[in-house]
Amino acid sequence: MAFDIYDFTSLTSSIHEGLATFLPPVGVLVAEWLLVGISVLLFVAVFGLILVYLERKVCALFQQRLGPMRVGKWGLLQTVADFIKLLMKELITPNKADKFLYNLAPFIVIIVTFMAIAAIPFAKGLQAIDFDIGVLYVSAVASLGVIGILLAGWSSNNKYSLIGAMRSGAQIISYELSVGLSLITMIILAGSMQISEIIQAQSTGWFIFTGHIPAIIAFIVFLIAGTAETNRGPFDLAEAESELTAGFHTEYSGIKFAFFFLAEYVNLFIVSAMATVLFLGGWMPFHVGSFEGFNAVMDFVPPIFWFFGKVMFVIFVIMWFKWTFPRLRIDQILTLEWKYLLPINLLNILLMTLIVLMGWHF
Amino acid sequence: MNNELMFFMLSAVILVFSVLTVTTRKILRAAVYLLFVLVATAGLYFQLNYNFLAAVQLTVYAGGIVVLIIFSILLTSHISERAPIASAARAALAALVTVAGAILTLITVMQFTFRPAGIPPISPNVKNVGRALVSYGTDGYALPFEAISILLLAAMIGAIVVARKESNNQSTK
C-alpha cells in the first residue's frame with residue numbers, strides 16, 4: 001500500500017481500489033462510510049480528551065498552578081480517568097422532562113460536529129468531502145448545533161437550563177452573523193469556497209499576510225465571534241456556574257453530559273481549523289517569497305504537522321481569552337456584536353473588495 | 001445503485017418524519033421532526049450534486065427558520081402542553097383536503113414529461129452565483145434580489161418598531 005506522509009491522495013485511492021477488488025460497489029460505499037465514520041469518531045474521542053487536558057494545563061499556567069499531576073506522568077491520564085468515571089455514572093432523567101427530546105439533544109450536538117469535521121482538510125488528500133462550497137457547508141452545518149442546545153434546555157424542564165439555553169441561543173444566532181461575514185471577506189480574497197482551492201491559493205503566502213489589513217481585521221473578528229459561537233469564556237454566560245449552576249446541561253449526567261462536553265471542545269477545534277484554513281494557509285507550509293532554500297526546509301515538515309501546529313496555536317489563543325478576560329453580561333455581548341463587530345465587518349468587506357479590485361493584495 | 005440506496009434512505013426519512021410532524025401532539029417535537037425533514041431534503045440536494053442549494057437549505061431552513069420556530073415555542077409554551085385532539089368533522093375535512101391535494105399533485109407529475117435540460121449546465125461556483133444575483137439581463141436576478149431586500153428591510157424595521165420600548169415619559173406613568 002502506497003504511503004506518503006506529504007500527500008495522502010495515494011493512500012486514500014489505494015484503500016478505495018483495494019476495497020473495490022473484493023467488494024461490490026454498494027459494499028465499497030458502505031465500507032467507506034464505516035471507515036470514515038470510525039475515523040471521525042476516534043478523532044473526536046481522542047482529540048476531545050487531549051483538548052480537555054490541554055485546557056486544564058493552560059488554565060493552570062495562567063493561574064500559576066501545576067494543573068493535573070497525579071494520574072500518569074504530568075497527569076496525562078487524568079482526562080482518560082475522568083472519562084471512564086463519566087461513562088460509569090448513572091443516567092438521570094428528570095421528572096416531567098420530555099424524554100424523547102431530552103435524549104435526542106446531546107446526539108444532535110455531537111452529530112453536527114461530526115458533519116462539520118467531514119469537510120476539514122487535515123493534510124493534502126486527507127479530507128472526507130471536498131465540496132465546491134466547503135466553507136458555506138461548514139458554516140451551514142455549524143449553525144445546526146444551537147438546536148441541540150435549545151432542545152436540551154427546554155426538555156430538561158428546569159428554569160436554569162431554559163435560561164441558559166435562551167442566552168446561548170441568542171448569543172450563537174447573533175455571532176453567527178459575524179462569523180459568516182468574516183468568512184465572506186476571505187472568500188472575496190480567495191475567489192472560491194472550495195476548501196482545497198482556498199488552501200492551494202495560499203501556496204505563495206498565507207492569506208493573513210497576502211490580504212494584509214482587511215485579512216487581519218477579519219481574523220480578529222473571526223476569533224472573537226468564533227469564541228462566542230463555541231460558548232466559551234469570556235462569552236460563557238450561557239453556563240455561568242455562579243448564577244445558572246451549569247446552564248443548558250444542568251440536568252445531564254454520565255455519557256450524555258460527556259457528549260455536550262466533548263462537542264464543546266470539538267467545536268473549538270472546528271473554529272480553529274476554519275481559522276487555520278482561511279487565514280493561516282491550512283496545511284500549507286510557511287513560504288517566504290523567493291527564498292528557495294528556506295521554502296525547501298519548510299516543505300520538509302509534513303503538512304499534517306503544519307495543520308495541527310497552526311490549529312493548536314489558535315486553540316491556545318482562544319484558551320488564553322477564556323482564562324484572561326472576565327465574563328461579559330448579556331447586554332455587553334449583544335452590544336459588542338451589533339454595535340461594533342457588525343459595522344466593522346461590513347466596512348471590512350468593502351475594504352477587502354476594494355483591495356481585491358485594485359490588486360493591492362500580494 | 002449507490003445513488004438509489006441514498007435516495008431511498010433519505011426519502012424514507014422525509015416520509016416518516018413528515019407524517020410525524022403533523023401527527024404529534026407536542027409542538028416542540030413537531031418542530032424537531034420538521035428539522036429532520038428539512039435536513040433530509042438537503043441530503044437529496046447533495047445527491048443531485050447541487051451543493052450550493054443544499055447548503056442554503058441547511059443555513060436558511062434548518063439553521064434559521066427551525067431555530068426561530070423553536071425559539072418562539074420556548075418563549076410561549078410550557079413543557080406539559082398538549083395539542084387537543086381534533087374533532088371528527090375537522091379530521092374528516094382535513095383528510096379530504098389532503099387526499100385531494102395528493103391526487104392533484106400526482107396527476108400533474110404523471111402528466112408532465114420530464115426532459116433533460118436543453119441549456120448547458122452552469123457550475124454554481126461563487127463567481128457564477130454572484131454574477132447571476134446582481135446582473136439585470138435575461139439570466140439576472142437583480143430585480144427579485146432588490147425586491148426581497150426591500151421586503152426584508154421593511155420586516156426588520158417593523159420588528160424593531162414592535163419590540164422597541166416606549167419612550168421614557170410614557171413608561172414612568
Side-chain angles (χ1 to χ4, degrees), chain A residues 24-30 32-33 94 96-98 100-102 104-105 108 111-112 115 119 129 131-151 153-158 162-163 165-166 169-170 172-173 176 180 184 187-188 190-194 197, chain B residues 1-6 9 20 24-36 38-39 42-43 45-46 49-82 123-130 160:
Chain A
V26 180
V28 174
L29 183 74
V30 173
E32 282 172 2
W33 281 353
K96 291 186 181 168
D98 190 326
F100 171 69
L101 294 180
Y102 179 81
L104 179 73
I108 291 187
I111 288 172
V112 162
M115 286 167 78
I129 318 171
F131 285 128
D132 53 357
I133 42 107
V135 178
L136 182 61
Y137 169 80
V138 173
S139 72
V141 167
S143 68
L144 298 180
V146 63
I147 294 175
I149 291 175
L150 289 174
L151 288 182
W154 192 80
S155 62
S156 300
N157 194 17
N158 172 329
L162 186 60
I163 295 171
M166 297 301 283
I172 291 180
I173 290 173
E176 219 154 64
I184 288 175
I187 289 169
I188 293 172
S192 170
M193 285 194 281
Q194 188 162 3
E197 275 184 31
Chain B
M1 181 61 205
N2 289 350
N3 273 334
E4 279 175 26
L5 183 69
M6 286 303 293
M9 283 170 62
L20 282 175
T24 180
R25 290 178 58 202
K26 296 180 179 172
I27 186 162
L28 193 62
R29 286 195 189 181
V32 175
Y33 296 142
L34 180 66
L35 169 75
F36 291 153
L38 294 170
V39 172
Y45 294 147
F46 276 123
N49 275 329
Y50 202 172
N51 298 337
F52 185 75
L53 188 62
V56 169
Q57 167 92 5
L58 282 179
T59 326
V60 174
Y61 285 97
I65 306 246
V66 171
V67 170
L68 279 184
I69 292 175
I70 291 178
F71 241 99
S72 46
I73 295 171
L74 252 55
L75 288 170
T76 53
S77 76
H78 191 258
I79 194 161
S80 55
E81 271 177 41
R82 300 276 183 285
S123 153
N125 59 22
V126 195
K127 195 169 250 173
N128 287 339
V129 170
I160 292 169

Pick one of side chain, backbone, both or neither for [X], based on which atoms fall under 4.5 Å of a heavy atom in chain A.
| X | answer |
| --- | --- |
| B/Ile70 | side chain |
| B/Tyr33 | side chain |
| B/Val60 | neither |

Kindly give the heavy-atom pair with the smallest separation between A/Ala165 and A/Leu150, and that separation in Å. O-CD2, 3.5 Å
What are the two closest non-hydrogen atoms of B/Ile73 and B/Ala31, and how far apart are they? CD1-CB, 4.0 Å
Of all of A/Leu104, A/Leu136, A/Leu101, which one pairs up most often with chain B through heavy atoms under 4.5 Å apart? A/Leu101
So does A/Leu151 get a backbone contact from the side chain of A/Tyr102, meaning a donor-acceptor N/O pair under 3.5 Å?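 No; zero donor-acceptor contacts below 3.5 Å.
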Are any side-chain N or O atoms of B/Ser72 and backbone N or O atoms of B/Leu68, one a donor and one an acceptor, separated by less than 3.5 Å? yes
